[in-house]
Amino acid sequence: MIRKLTTPDDGSNLRVSFEFFPPKTEAMATRLWETIQRLEPMAPSFVSVTYGAGGSTRERTHETVRRIVAETSLRPAAHLTCVGATREEVLAVADGYRQAGVTHIVALRGDPPAGMDAKYEPHPGGFRDSVDLIRGLRELGKSFEISVSCYPELHPESRGWDAEIAFLKAKQDAGADRAITQFFFEPDVYFNFLDRAREGGVTLPIVPGIMLQPNFSGMKRMAGMVQTSVPQWLERLYEGLEEDNETRDLVTATVAAELCHKLHERGVRDFHFYTLNRASLALSTCRLLGLKPQSAKAA
Ligand code: FAD
């Protein structure tokens, strides 16, 4: 599938970032820490740590970003949602991040606490949505870098393309610095969205979010929930690989790298990887893109 392994040249004209989720157990923490240490030499622009539904990982997200600041050379971005907390509580979490040396926040509304099928109701006294949260963070005056989400195949709650793009523009006007997309599999999905966004006055960098899934059926379930289309050619690639983790991983890294190549050919330079806390898939994808560990660059 990779037609030109040498493209994009030596990887020096592209930048990557990695997303992690906070670990639930000691064993998961050990694995995440190994992953972070293995990925650090790829010199990502930043690494982000998610915030569990309903703020359920508040402490663990904080502890993870704090440790990244203290023990690595990486720049962490902490995700923050509006769910299940008052404005004051959310801003206190942001302030805690700042005090821990975290200067980048991924500002989100979050999913309804009752589940993704339920109607979203803001917490009484809470931020209404991500735009409201971005304004709140800007008013806090802590000079955060702020990233936000965007949805190239529309969010399940979308009111249509015009409203979707107008809402992304509202995030930009409120002070967002960058948008990171939901995962997708076809380059045209990204480029059609980019065209719509630019026509709608969105000038923010729109960084593609690339899924590095180790488990195809799990990913398919997730895709169904978030309205990401899964092309038939992708399904066919994974047929019969349910019990074959090794081959599945090779396919996943190849598919992800191929998508990045196609995006890169048309001018994309930044890639955000949903790592699911696994180093090997992220590392092999970076290798296929020509990226090498910093220490190996001079060689
Ligand atoms: P918003 O962008 O505020 O709104 C979601 C959608 O609702 C919009 O895209 C739009 O379609 C519609 N909408 C809402 N208000 C309006 C309006 N006024 N006008 C028009 N349309 C409107 N979830 C977590 O719980 N923790 C995380 O750490 C996390 N990280 C994520 C990171 C990325 C990059 C992405 C893409 C998603 C992440 N999510 C996370 C999932 C996210 O919380 C859900 O998708 C949630 O349902 C929406 O949050 P949001 O900030 O994207 O919402």
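FYI, side chains are in, hydrogens and waters are out, and symmetry mates aren't considered; it's all heavy atoms of this structure. All ligand and atom numbering here is 1-based and tracks the order in the structure. Just so it is clear, the structure is predicted and the values come from calculations on it, not from any experiment.
- Protein residues with a heavy atom under 4.0 Å from ligand 1 are T50, Y51, A53, H79, T81, L108, R109, G110, D111, S130, S149, Y151, H155, S158, R159, A163, E164, F167, K171, I180, Q182, Y274.
- Residues meeting the ring pair (Phe, Tyr, Trp, His ring centres under 6.0 Å) test with Y97, sequence neighbours left out: H62.
- Between the side chain of Y51 and the backbone N or O of V106 there is no donor-acceptor pair closer than 3.5 Å.
- Ring-plane geometry between F183 and F185 is classed as perpendicular, the angle between the planes exceeding 60 degrees on a 0 to 90 degree scale with a lower cut at 30.
- L250 shares a hydrophobic cluster with no other residue; no ILVMFWY side chain has heavy atoms under 4.5 Å from its own.
- In terms of the salt bridge (charged side-chain N to carboxylate O under 4.0 Å, His left out) criterion, E186 has no residue partners (sequence neighbours excluded).
- Salt-bridge formation is detected for the pair D188/R266: a Lys NZ or Arg NE/NH1/NH2 atom is positioned less than 4.0 Å from an Asp or Glu carboxylate oxygen.
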